[in-house]
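So that we are looking at the same thing, I have put the structure below in structure tokens.
Just so you know, these numbers use all the heavy atoms, side chains as well, and skip hydrogens, waters and symmetry mates. Not measured: the values here are computed from a predicted model.
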Amino acid sequence: MYLFFAAISYLLPFFLPSTWPLEWLFPVFLFFGIQKNSTFSLSIWSSIITAIHLLPIYGALITMASGPLWMKLIGPWFFSAYVSGSFFIWLFITKLFLKQTANINARLVFWTISLWLFLLSLELIFLCPFGQMEGVPFFSPLLPMAYEPRALAPLSYVPYSLVLLWYCIITSLISFYFTQAHAKRVGIIAFPLAIAPWILFSLNQPESKPPAWLSKVGHLPLSLPGSFSLNTGQVVIYHELDQLYKKLPQLKLVIMPESSWNGSALSNAPTLDWLKNHSIENLIIGSFAQEKNRYYNCLYWYHNGLFLQRYDKRHAIPFAERATLNERLCDQLYFQKSAAICRSEKPRIQLTIPDIDSFTPYICSDFYCTHWPDDSTPNTLMVTANDSWFMPHFQILMVLAARLRAIQWKRPLLYIAYYHAGYFDAYGHGTSIATTSSFKSGTFFDKVQKKDNL
């Protein structure tokens, strides 16, 4: 039952972020579950947790892959084995140590440090075997807490690693309270002392207003196939921009998400003739570029139809975007339909849009696999992503990860994907932006803004 409740309290907030307070109980149940269950039970627990948590990743890898179903399952199977194996090895080592000592204080100290180091490794080095020293935020129990930005207010003042340690200490104090009778007296004093500063930070989080320029920014969640000619793509975009402008004539910038125009039609397009005299002056398009045998994931900025700047993605995710471990197998699975993505070696640029703002662009895994920003500007972050590969709950997690990073990095952030688009300030307050009439209403940002107004 301990392992069952540990699984529920850990996983449910990732599917229903409004249940984020359950993440405070996950380490408590797991601490007792490790000690009272066999090694075999822990291996089963690791496998089940991994299988459920990675469902959206499995779905995306299967959709991206070519070949019969058994071949498409190779990527998900391998990744599942790696993740569940990592969880199990950590639990197994922790269990061995906890068995060696009867002292509850020593057990809890080791458990706190063990939990902290493991969670931190998921953020910093988890994907190291795949060729790059990096991790992801999608396993962190702090991620669902981004549903309520005040819950992450300590990140505005304390480094992420220390906030994560603080979380581990607080949950260990809850465990300590339930260990022995005398521990209750200590726990009654220690727990409030540990959690009080966290609550004070949350209560003192500043309020802020969205910038004035945000009303001039629009979102076009349009996906054009690579088979579209340059002229055909322009006609479709022109029509959608017209629809947006009729609703919101103040718009000066429209952004399309990552890979919104598949193929490399824009590689050699110094002008988009259809857009030369359009009332919406600036258009940023997520697309690709082909340079000899190198294929890049890019953002193109056009001003009055004239090409001004291109940003090339500096990161490529394992398997789906770059060959990993077995290059020949990856080519057969993931690069039959499109070429592998080359990581750009160019420095990160900034886009200075007249009468709006200066943005530092990040494209999807550029952002999600980076624990610290790799630019030194104070600019607003522009994060574009392709969330159409994933299940709805994971699309929300992508937004929550953007909010978490905005608070952690103390940087305002403009998030542009297909199903969700909006703005976060440095404290995580969200604001929706204009979008096309064909786009679904009720996005995360619409709900956030409605809640904030209430």
Phe97 vs Phe110 aromatic rings, parallel, tilted or perpendicular, using cut-offs 30° and 60°? parallel
Heavy-atom closest pair, residues Ala426 and Ser156: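 That closest heavy-atom pairing would be O-OG, 4.4 Å.
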Whether Arg405 and Glu123 form a salt bridge (side-chain N of Lys/Arg under 4.0 Å from carboxylate O of Asp/Glu) is what I want to check. yes
Work out which heavy atom in Ser175 is nearest to a heavy atom in Leu108; give both atom names and the distance. CB-CD2, 3.9 Å
So, are Asp375 and Arg411 salt-bridged, with charged N and O less than 4.0 Å apart?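 The answer is yes: the pair qualifies as a salt bridge.
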What verdict does the salt bridge (charged side-chain N to carboxylate O under 4.0 Å, His left out) test give for Arg348 and Asp366, after you've listed the backbone C-alpha separation in whole Å, the side-chain angles of each residue and the deciding distance to 0.1 Å? CA-CA 10 Å; Arg348 194 173 297 281; Asp366 250 357; 3.6 Å; yes
Could you label the plane-to-plane angle of the Phe390 and Phe394 rings as parallel, tilted or perpendicular, counting under 30° as parallel and over 60° as perpendicular?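 The arrangement is tilted - the two ring planes meet at 30° to 60°.
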side-chain contact (heavy atoms from CB on, under 4.5 Å) with Ser86: which residues, sequence neighbours excluded?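 Counting only residues at least two positions away or on another chain, Ser86 forms a side-chain contact (heavy atoms from CB on, under 4.5 Å) with Tyr82, Phe126.
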Show your working on salt bridge (charged side-chain N to carboxylate O under 4.0 Å, His left out) between Arg314 and Glu134 and close with a plain yes or no. CA-CA 13 Å; Arg314 290 161 50 86; Glu134 62 191 9; over 6 Å; no
Measure across Arg310 and Ile349 and return the closest heavy-atom pair with its distance rounded to 0.1 Å. O-CD1, 3.8 Å
Apply the test side chain to side chain donor-acceptor pair (under 3.5 Å) to residues Ser358 and Asn379: give CA-CA distance (whole Å), side-chain angles for both, the deciding distance (0.1 Å), then the verdict. CA-CA 6 Å; Ser358 291; Asn379 296 342; 4.6 Å; no
Between the side chains of Asp312 and Arg343, is the shortest nitrogen-to-carboxylate-oxygen separation below 4.0 Å, so that they form an ion pair? no
Hey, can you tell me if Tyr2 and Phe29 have their rings parallel, tilted or perpendicular (30° and 60° cut-offs)?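 Rings of Tyr2 and Phe29: tilted, 30 to 60°.
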Least distance between heavy atoms, Pro221 atom then Tyr418 atom: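 Heavy-atom minimum between the residues: CB-O, 3.4 Å.
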Decide side-chain contact (heavy atoms from CB on, under 4.5 Å) for Phe319 and Phe130; before the verdict, give the C-alpha distance in whole Å, the side-chain angles of both, and the deciding distance to 0.1 Å. CA-CA 9 Å; Phe319 295 113; Phe130 304 107; 3.9 Å; yes
Smallest separation among heavy atoms of Leu413 and Phe367, with atom names: CD1-CZ, 3.5 Å
Determine the interplanar angle of the Phe87 and Trp45 rings, folded into 0 to 90°, and report it as parallel if under 30°, tilted if 30 to 60°, perpendicular if over 60°.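 Judged by the thresholds at 30° and 60°, the geometry between Phe87 and Trp45 is tilted.
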